[in-house]
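Below: one structure, written as structure tokens.
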Amino acid sequence: MSVLRVGNASGFYGDRFDAMREMLADGPLDVLTGDYLAELTMLILGRDRLKNPDAGYARTFLRQLEECLGLAHERGVKIVANAGGLNPAGLADAVRALAERLGIPVRVAHVEGDDRTAAHPGTLAAHAYLGGFGIAACLRAGADVVVTGRVTDAALVTGPAAAHFGWGPTEYDRLAGAVVAGHLLECGAQATGGNYAFFQEGDVRRPGFPLAELHADGTSVVTKHDGTGGFVDVGTVTAQLLYETGGARYAGPDVTARLDTVRLSQDGPDRVRVEGVRGEAPPPTLKVGLNRLGGFRNEVAFVLTGLDVEAKADLVRTQMEPALGRITDVRWDLARTDRPDAPTEETASALLRLVVRDTDQQAVGRALSGAAIELALAGYPGFHVLAPPGKGAPYGVFEDVYVPHGAVDHVAVLHDGRRVSVSPPPDQDTAVPAPVPEPPLPQPLPPGPVRRAPLGLVAGARSGDKGGDANVGVWARTDDAWRWLAHALTADRFRELIPEARDLPVTRHQLPNLRALNFVVEGILGEGVAAQARFDPQAKALGEWLRARHLDIPEALL
């Protein structure tokens with residue numbers, strides 16, 4: 001059967017608004033997907049729904065469609081997006097109303113059944129991660145636009161691929177290939193040079209969005225429209241493949257993909273071939289993401305300039321202590337951004353960051369702001385803050401639980417109103433993913449002179465969040481660099497280089513086909529991004545910090 005060209009126009013709620021039009025106008029496509037959901041987004045949409053029961057979906061998507069629905073219809077491009085969030089039926093109705101107003105004859109379907117909020121009292125939103133076969137049912141019935149709630153990011157690609165190629169639920173290798181393609185597309189420009197460790201190797205001022213040419217056997221080529229910005233090479237694809245993953249088994253509701261079997265090769269300018277992906281039976285359970293309000297938080301950053309920074313920090317802590325005594329969670333962090341004999345006031349200054357959290361909004365609001373501002377003329381010399389503390393904002397807490405497939409009523413609501421249930425896999429067609437035995441290490445490099453230098457001179461990295469955990473994928477750019485990296489960067493060495501991880505469980509996974517190591521750091525993000533427990537709450541820059549740390553690196557690699 002023909003190649004299926006699937007593009008992406010959104011990696012998160014708030015991504016580049018013009019991307020949908022650019023992807024439709026700049027080259028041929030069969031399906032255009034949009035990923036609007038993340039753990040934090042579900043919390044934001046949950047708060048929207050508290051104010052308005054008819055809300056709960058990504059309103060940006062509807063505004064994009066107002067500009068682009070006619071163009072998609074003209075070009076025969078199907079649109080598949082998880083922008084339905086907490087209210088896919090409501091978004092489907094809104095799309096139909098928009099199409100009618102614009103006079104565009106499109107068939108709109110949606111997928112539902114992910115909402116588990118009623119089963120988890122006290123949560124703001126609890127949603128199961130569904131697979132792609134509900135999407136496939138909508139497309140097979142003739143839908144032009146399919147909107148979903150909480151499906152896996154990769155389901156936006158496995159669904160169209162299963163519909164187009166006629167794959168069944170046990171064609172694991174083909175489905176796994178589509179899962180990998182979906183994972184490579186889901187974060188938009190991260191596959192085309194965005195957020196890339198070696199960004200200076202191409203023009204990434206305005207990266208184009210990616211697309212994948214999928215084949216019936218599950219292989220694909222990741223590329224972008226001709227003439228768009230950014231670049232696609234084995235490095236950019238490797239970086240995205242490692243993003244927010246764990247071990248070699250990448251489990252999802254449709255299939256467990258074996259990341260250790262993925263083979264990448266350059267297939268021409270801005271084209272990377274993805275092949276060799278093996279698939280296994282999906283796990284017997286579905287992940288359910290639980291979002292709840294944890295309380296209220298506030299923060300203030302005190303600027304400490306010049307001499308005696310440590311003493312100034314001690315003074316402000318002591319002066320603030322009476323106001324902080326009854327607050328549940330108080331955290332102080334001193335960032336020594338100051339330099340001696342600095343040529344500017346800013347470079348002579350350090351930042352003392354105070355973060356407070358409590359269930360009582362007044363405790364972290366007026367009590368904190370009053371105590372901080374009262375020090376304006378009675379504190380350390382040079383007292384000022386980056387911004388006055390506000391009244392205290394709500395923060396969220398994320399956790400995940402697992403339920404059997406059969407506990408969720410996965411339904412495709414077709415464009416004509418018919419409801420088609422998506423059968424869960426029978427027990428004999430599921431398997432609990434077990435850790436993959438670690439492959440043997442490559443031969444070490446022969447002994448030779450070394451030089452103290454940043455890791456990033458010989459390795460790339462990309463990091464991200466999964467609930468309270470973070471992953472850091474690190475890959476070598478040459479075979480010799482991989483031979484060194486696999487021996488040098490152990491889990492213990494990782495803890496030494498990243499002091500925040502020293503007392504946390506760190507698991508290292510080898511992926512030799514990618515010349516990569518993937519580190520999973522448990523608990524470094526506390527209760528998840530919405531809780532904002534650390535300076536970089538989504539661990540987006542954790543990999544770049546690691547690349548900046550110095551090791552003894554063989555001179556032959558430098």
Side-chain angles (χ1 to χ4, degrees), residues 39 180 183 187 190 195-198 235-251 257-262 264 400 433-442 444 453-477 481-526 528-529 533-553 557:
E39 292 164 4
V180 169
H183 179 60
C187 289
Q190 279 197 170
N195 298 352
Y196 183 51
F198 304 106
T236 67
V237 173
T238 299
Q240 177 55 29
L241 186 57
L242 294 171
Y243 182 64
E244 294 183 345
T245 60
R249 284 190 165 101
Y250 186 63
R258 289 287 298 265
L259 299 184
D260 57 339
T261 64
V262 180
L264 305 177
D400 52 57
V436 173
E438 282 290 287
L441 290 169
L455 173 63
L457 295 183
V458 296
R462 178 165 287 166
S463 54
D465 62 312
K466 278 295 180 187
D469 302 339
N471 92 290
V472 185
V474 185
W475 76 95
R477 310 189 80 189
W482 164 241
R483 291 170 62 189
W484 170 78
L485 182 71
H487 290 272
L489 194 56
T490 62
D492 287 340
R493 178 63 60 83
F494 181 96
R495 289 191 188 92
E496 292 173 12
L497 297 173
I498 304 295
E500 288 181 51
R502 282 183 180 168
D503 298 322
L504 299 174
V506 176
T507 305
R508 184 182 102 148
H509 304 279
Q510 284 189 67
L511 298 168
N513 278 7
L514 304 175
R515 296 191 299 231
L517 303 171
N518 200 15
F519 295 88
V520 177
V521 187
E522 297 178 34
I524 193 170
L525 303 180
V529 55
R534 69 187 294 273
F535 170 70
D536 173 18
Q538 290 181 282
K540 298 298 187 186
L542 191 58
E544 285 301 291
W545 179 21
L546 178 66
R547 292 183 68 236
R549 298 307 309 268
H550 288 219
L551 296 84
D552 292 329
I553 299 175
L557 301 178

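This one's a predicted model, so the numbers in the text were calculated from it and none came from an experiment. Numbering starts at 1 and runs along the sequence shown.
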Is there side-chain contact between [X] and [Y], with at least one heavy-atom pair below 4.5 Å?
| X | Y | result |
| --- | --- | --- |
| L241 | L511 | no |
| R462 | Q190 | yes |
| D465 | E39 | yes |
| W545 | S463 | no |
| H183 | T245 | yes |
| W482 | P442 | yes |
| I498 | V472 | no |

(message) Counting neighbours of CZ on F198 that are heavy atoms of other residues, nucleotides or ligands and sit closer than 6.0 Å, is the number greater than 12?
(response)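 Yes, the 6.0 Å shell around CZ holds more than 12 heavy atoms from other groups.
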What pair of heavy atoms forms the shortest contact from [X] to [Y], and how long is it?
| X | Y | result |
| --- | --- | --- |
| A491 | V506 | CB-O, 4.0 Å |
| D536 | A541 | OD2-N, 2.8 Å |
| A461 | G543 | CB-O, 3.7 Å |
| A539 | A470 | CB-CB, 3.6 Å |
| L514 | T238 | O-CG2, 4.3 Å |
| A486 | L441 | O-CD2, 3.7 Å |

Separation of [Y] [atom2] from [X] [atom1] (nearest 0.5 Å):
| X | Y | atom1 | atom2 | result |
| --- | --- | --- | --- | --- |
| L504 | R495 | CG | CZ | 8.5 Å |
| H550 | L497 | NE2 | CG | 10.5 Å |
| C187 | Q240 | SG | CD | 4.5 Å |
| L557 | R483 | CG | CZ | 9.5 Å |
| N471 | E522 | CG | CD | 12.5 Å |
| N518 | Y243 | CG | OH | 12.5 Å |

(request) Walk me through it: do Y250 and V180 pass the test side-chain contact (heavy atoms from CB on, under 4.5 Å)? (result) CA-CA 9 Å; Y250 186 63; V180 169; over 6 Å; no
Taking [X] for the side chain and [Y] for the main chain, is one N or O donor matched with an acceptor at less than 3.5 Å?
| X | Y | answer |
| --- | --- | --- |
| R249 | A257 | no |
| T507 | V520 | no |
| R502 | D492 | no |

(request) Could you go through the side-chain contact (heavy atoms from CB on, under 4.5 Å) check for W475 and L517 one step at a time? (result) CA-CA 6 Å; W475 76 95; L517 303 171; over 6 Å; no
(message) Quick test of your reading of the model: are K466 and D469 salt-bridged, counting only N-O distances below 4.0 Å?
(response) no
(request) Please determine if E500 and R534 form a salt bridge, counting it only when a charged side-chain N lies under 4.0 Å from a carboxylate O. (result)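 Salt bridge present between E500 and R534.
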(request) Determine whether the side chains of T261 and N513 contain a donor N or O and an acceptor N or O closer than 3.5 Å. (result) no
(request) Quick one: do V474 and L485 satisfy side-chain contact (heavy atoms from CB on, under 4.5 Å)? Show the steps, please. (result) CA-CA 9 Å; V474 185; L485 182 71; 4.1 Å; yes
(message) L525 vs Q538, test: side-chain contact (heavy atoms from CB on, under 4.5 Å). Steps then yes/no.
(response) CA-CA 7 Å; L525 303 180; Q538 290 181 282; 5.7 Å; no
